[in-house]
Amino acid sequence: MVKAEMTAFARANEAVSYLRANLPEGLQKPQVAIVCGSGLGGLADTIHPESRTEYDYASIPNFPRSTVAGHAGKLVFGLLGQKIPAVLMVGRAHYYEGHSIDQVAFPIRVFKQLGVDTVVLTNAAGGLNSDYAHLFLAGLAGTHPLRGPNEDEFGVRFPPLSDAYDLELRRHVHQTWKKVVSPESNRRLHEGVYAYVGGPTYETRAESRMLRMLGADVVGMSTVPEIVTARHCGLRVLAFSLVTNQVVLSPVPRGDDKVLQGKAADELTAILEKGKAGHEEVLEAGRAAAVDMQNLVAQTLLDVFDRI
Ligand code: HPA
């Protein structure tokens, strides 16, 4: 439950005090936070078991809980590649679950207070099809995680977002990609525009075409509130979308279309269901691609922090 009378700053500090009281010495101040999206929780397996300490979200004061299948709901601390102190969110809370939009992004503020300087966000997204950015229609319309009195401890009232996605980190990702993905792989690394939608319904064909027309390359129900909140408090941000399904853009035939003549009801259902998105498909694609994703994220971070 959100204690509305407390500022997010005070609530984040309360969560941090709880975690610090329980964390071993070497993990008190993680450098990197990784948010694992649908089906991408395997990223936590890149943490060496000896250094691993975990907490259920339910045990952490003020932390939002996730109710989505495929989202475990635990915070895993440990050393990435045996050397980078990291914290991983295995599963996240979403706006459609009933959390307020600032509560969805609250863990980012906990990471900031823990001493994290870089956040990597991952998600499952639907492909709608290049500059690199997001479209936050809800935010543009005012449903925004930074709405309300500005918390100056975190950042300024009017943060710019034209520089949201760290260029140095993105450069590293492309270099690392060449190392970790075999040339025979049919997976491709793109940079593109992510459109945030509130969910929990997947988009209609008309909505998908609208998002495509607005310049979106992928669509999903998470990540952007966290990114906005992370940039407000000066964290470096990198985000990955695993394209788990192709969104259906083609219109369905009209009810009086000739192609429908003589078709049985089950044939009509088949026409309508062709390409339909489903959560199981999203999780399955996540499982299949998880290893490539894991290697890419972990190796990128190792490459980046090795040089510092
Ligand atoms: N739409 C919205 N969110 C998603 C999708 C989608 O097609 N796939 C995975 N998350």
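Note that this is a predicted model, so its numbers are computed, not measured. Counting starts at 1 for both ligands and their atoms, following the listed order.
Ring geometry, Phe136 versus His134: the interplanar angle exceeds 60°, so the pair is classed perpendicular (tilted spans 30 to 60°).
Here the heavy atom of the protein found nearest to atom 3 (N) of ligand 1 is Gly220 CA, 3.4 Å. Scanning all protein heavy atoms for the shortest distance to atom 8 (N) of ligand 1 gives Asn245 OD1, 2.7 Å. Ala124 O, 3.4 Å is the protein heavy atom nearest to atom 10 (N) of ligand 1. The protein heavy atom nearest to atom 6 (C) of ligand 1 is Tyr202 CD2, 3.4 Å.
Between His99 and Phe106, the ring center distance fails the sub-6.0 Å criterion.
Interface atoms of ligand 1 facing Val247, defined by a heavy-atom separation under 4.0 Å, are 7 (O). In the vicinity of Thr244, heavy-atom distances shorter than 4.0 Å reach the ligand 1 atoms 8 (N), 9 (C).
Where the criterion is an N or O separation shorter than 3.5 Å, residue side chain and backbone included, Glu203 meets it with respect to ligand 1. For ligand 1, the polar-atom distance check against Gly126 finds a nitrogen or oxygen pair separated by under 3.5 Å.
A cation-pi arrangement, defined by a distance under 6.0 Å to the six-membered ring centre and an angle within 45 degrees of its axis, is absent between Arg52 and Phe77.
Taking Asp152 as the reference, Asn150 meet the side chain to side chain donor-acceptor pair (under 3.5 Å) condition, with sequence neighbours excluded.
Distance check, rounded to the nearest 0.5 Å: SG of Cys233 to NZ of Lys112 gives 5.5 Å.
The side chain to side chain donor-acceptor pair (under 3.5 Å) analysis of residues 154-164, with sequence neighbours excluded, yields the pairs Asp163-Arg231.
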